[in-house]
Structure formats: structure tokens, C-alpha cells
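These notes are about the structure you will find just below.
The structure presented is a predicted model; accordingly, all values stated were derived computationally and were not measured.
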Number of protein chains: 2
Amino acid sequence: MPNKIDEVDFTLLRLLRKNSRMSLTEMAKDLGVTVPAIKYRIQKLEQNGIIKKYSAIIDYEKLGYGIIAFVGINIDPMKRKQIMEKILELDEIIELYEITGEYDVMAKIVTKDIHSLREFLTFKLGGVEGVTRTYTMIIVKEFDIDDRRNKQWKSMK
Amino acid sequence: MPNKIDEVDFTLLRLLRKNSRMSLTEMAKDLGVTVPAIKYRIQKLEQNGIIKKYSAIIDYEKLGYGIIAFVGINIDPMKRKQIMEKILELDEIIELYEITGEYDVMAKIVTKDIHSLREFLTFKLGGVEGVTRTYTMIIVKEFDIDDRRNKQWKSMK
DNA sequence: GTTGAAAGAACCGCTCT
DNA sequence: AGAGCGGTTCTTTCAAC
């Protein structure tokens with residue numbers, strides 16, 4: 001589907017990953033092409049879905065969430081659909097994946113503190129019918145992965 | 001540290017999470033305040049670190065990465081620092097965390113296909129001295145968590 | 001992919017409460 | 001301190017090439 005992604009597109013993606021509020025003018029200057037050319041390329045990347053969205057990355061800890069964690073979840077496979085719908089409604093969950101391996105589902109969650117974590121695990125998540133087990137991995141430190149990715153992208157074309 | 005985050009700020013964060021390229025004008029219209037007020041609030045949120053950055057969210061699959069996975073990693077605790085530095089250099093890793101529980105480190109990775117996954121696990125990650133075990137959880141499906149978060153945020157103030 | 005002109009948005013100093 | 005107003009500057013948009 002991708003209409004051929006070239007070096008300029010990869011650089012564009014790198015810039016937008018680094019700062020999605022960067023102006024077209026600045027990108028154009030950085031890349032040595034004109035503003036409309038940048039606009040056209042970005043539109044293409046948006047249309048073919050390579051750029052999913054532009055988002056502000058929030059520091060949940062500074063917002064008052066003391067606990068950020070991964071929670072591996074096992075579920076009754078016969079009730080998968082209903083369970084996932086229920087889980088998606090839980091406010092604490094900020095990311096959700098179906099995965100292979102020891103857990104069926106992986107969630108990334110935020111809670112105010114240890115007590116609200118317990119409440120979440122015991123009553124909210126644990127209360128969903130068909131959830132058979134949860135395993136909590138509290139994030140102690142998050143590393144910043146800046147760009148770098150561009151190198152790899154280049155080698156893939 | 002937060003200079004009191006109010007409802008308007010939470011809504012602002014929700015809007016910026018949904019689309020970080022939204023113009024100040026549009027946010028001002030949505031929130032019923034003036035553009036300078038929005039600008040002032042956003043600056044505060046950036047300065048106190050609640051907004052970490054603005055980023056384009058990439059669809060790695062559409063970019064040609066067939067495999068997206070979590071990898072739980074166990075390491076020799078005596079060599080933690082050097083190991084983390086080495087791991088951070090690996091291009092396949094797009095997110096990296098230190099966590100509690102069964103694994104010491106959790107990585108989110110992307111590779112082109114199963115073969116490059118094997119190569120990554122065996123030689124690149126597995127080749128880092130002090131990495132004692134890896135456990136791969138391939139992401140089969142990713143769910144979209146839109147806003148909703150705003151509700152929870154409101155209840156926290 | 002470029003140019004140029006018109007519309008629109010962001011920025012700055014000033015004002016008001 | 002926080003919010004509004006208006007004029008200048010910069011950015012985006014969209015035509016035609």
C-alpha cells in the first residue's frame with residue numbers, strides 16, 4: 001500500500017516523532033524542500049495510515065499517578081470478546097494488547113497509589129467475569145528512546 | 001509541583017492527546033477561552049513537565065514491521081548499568097522499562113519478520129553480556145484507547 | 001516538486017479586573 | 001496572576017505552473 005517511502009519520508013517521520021507540533025516551514029527548511037512538498041508528503045503518510053495520529057505524551061507521574069504498571073492478564077478464552085469490551089472500559093488502562101505467551105492480554109495501567117492499584121486489581125479488573133489471573137509488573141523506570149530509529153528505517157527501504 | 005491543574009487543563013490535555021497538531025485557535029474555541037489563555041496554560045504544562053513531548057504515533061506494521069512484541073528480559077544485577085546502555089542502542093527497541101516481577105526489564109520491539117526477530121533475540125539482545133534470559137510476547141492485536149481518560153482525570157483533582 | 005498570493009494562526013505588548 | 005484585545009509577523013493553504 002505505501003506509495004514508496006523514501007529517505008525524505010523517513011526523516012519527516014523522525015522529525016514528527018520528535019516533535020509533532022513542528023511547523024511545516026521548519027521541516028521544509030530542515031529537509032531542503034519547499035513547504036507544499038512537505039505538506040503533500042505528510043498528507044500521504046496520514047492517508048495511508050503510517051502516521052496514526054499526533055499525540056501529546058503525558059507524564060502520568062507528574063499528573064499525580066504514583067503507579068504505572070504492566071498487568072499481564074489471563075482470561076477464559078470462551079468469553080474473550082465480552083471480557084475485552086469490559087476491560088476497555090476501565091479508566092486505569094491506558095494501553096491494551098492481545099499477546100502470545102504466558103499472558104493472553106497485556107495492559108498498561110496508571111493508578112494514584114498502591115491502594116488504588118489494589119482496588120483496581122481486586123475489584124475492577126479482578127471483578128470482570130472470565131478474568132482468571134493477573135500479574136502486575138510495576139514500572140520502576142522508563143527510558144527515553146529518542147530518534148535513532150531513523151537509522152534502522154533507512155536500512156529497511 | 002503542579003500549579004493546580006483544573007478542569008480546563010485536563011480538557012486541554014485530552015485534546016492534545018487526541019491531536020497534538022490542533023491549533024491554539026481551535027482549542028480556544030472548544031474550551032471557550034481566548035488564544036493567549038490557552039497558550040499560557042500549555043506553556044505551564046510544558047514547563048512543569050506534565051506534557052513531556054508531542055509525537056507522531058507511527059503504524060509500524062504499515063511501515064513494514066511484521067512483528068511487534070514485548071520482550072521480558074532478565075539481567076545480571078551486578079551489570080545493570082552497562083547492560084541497559086547496550087540495550088538502549090538496539091534499533092529494534094522502541095520502548096524500554098525497568099519493572100518489578102518476573103522480569104527485570106521490559107522492552108517493546110519491532111522487527112521486519114520472524115527471522116529478524118530470531119536474529120534480534122539470539123544475537124543482538126542475546127549477545128549482550130549479562131542478559132540471562134529473554135521471554136517474547138508477540139503483540140497479536142493492539143486496542144485503541146481514545147480519550148475516556150478525561151473522566152478519570154476529572155475525578156482526581 | 002515549485003511559486004506566489006490570500007487566508008489563517010501565532011505572537012507580543014498593552015489593558016483590565 | 002489570569003484573561004482579553006489588536007496589530008505585526010509567520011505559517012498554512014491552494015491555485016496554477
> Are any of the side-chain nitrogens in Asp9(A) or Arg41(A) under 4.0 Å away from the carboxylate oxygens of its partner?
Replying inline: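 The answer is yes: the pair qualifies as a salt bridge.
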
Listed nucleotide nearest any side-chain atom of [X], set [options]:
X	options	value
Thr25(A)	dA9(C), dA3(D), dT12(D)	dT12(D)
Ala37(B)	dT2(C), dC12(C), dA3(D)	dA3(D)
Pro36(B)	dC12(C), dT2(C), dT12(D)	dC12(C)
Lys44(B)	dG4(D), dG2(D), dA9(C)	dG2(D)
Arg21(B)	dC11(C), dA9(C), dT12(D)	dT12(D)
Val33(B)	dT3(C), dT12(D), dG4(D)	dG4(D)

> Given that Thr34(A) and Ser23(B) both sit by DNA chain C, which one's nearest nucleotide is further toward the 5' end?
Replying inline: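 So the residue in question is Thr34(A).
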
Roughly, in whole Å, what's the span from [atom1] in [X] to [atom2] in [N]?
X	N	atom1	atom2	value
Met22(A)	dC10(D)	CE	C1'	16 Å
Gln43(B)	dG2(D)	CD	C1'	14 Å
Leu24(B)	dC10(D)	CG	P	17 Å
Ile42(A)	dG1(C)	CD1	C1'	15 Å

> Given the rule in the side chain to side chain contact (heavy atoms under 4.5 Å, CB included) test, do Leu16(A) and Arg21(B) qualify, once you have shown the distances and angles that lead to the verdict?
Replying inline: CA-CA 10 Å; Leu16(A) 283 169; Arg21(B) 279 186 78 79; 3.8 Å; yes

>> If I compare all heavy atoms of Gly49(B) with all of Asp59(A), which pair ends up nearest, and what's the gap?
In response: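 For Gly49(B) and Asp59(A), the tightest heavy-atom pair comes out as O-CB, 3.2 Å.
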
>> Do Tyr60(A) and Lys108(A) pair up side chain to side chain, a donor and an acceptor below 3.5 Å, judged on atom types alone?
In response: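 No, Lys108(A) and Tyr60(A) have no side-chain donor paired with an acceptor closer than 3.5 Å.
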
>> Regarding Tyr54(B) and Glu46(B), do their side chains bring together a donor and an acceptor under 3.5 Å, going by distance alone?
In response: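 On atom types as modelled, these side chains qualify, holding a pair under 3.5 Å.
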
>> Does Val35(A) reach a base, just sugar-phosphate, or nothing at all? Heavy atoms under 4.0 Å.
In response: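 Base: the residue Val35(A), judged by heavy atoms under 4.0 Å, touches a nucleobase.
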
> NA contact type, Tyr40(A), heavy-atom cut-off 4.0 Å: base, sugar-phosphate, or nothing?
Replying inline: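 No contact.
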
> Is the phosphate of dA10(C), meaning OP1 or OP2, less than 4.0 Å from a side-chain N or O of Lys39(B)?
Replying inline: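 No, Lys39(B) has no side-chain N/O under 4.0 Å of OP1/OP2 on dA10(C).
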
> So does Arg41(B) get a side-chain nitrogen or oxygen closer than 4.0 Å to the phosphate oxygens (OP1/OP2) of dA3(D)?
Replying inline: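 Answer is yes, contact under 4.0 Å.
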
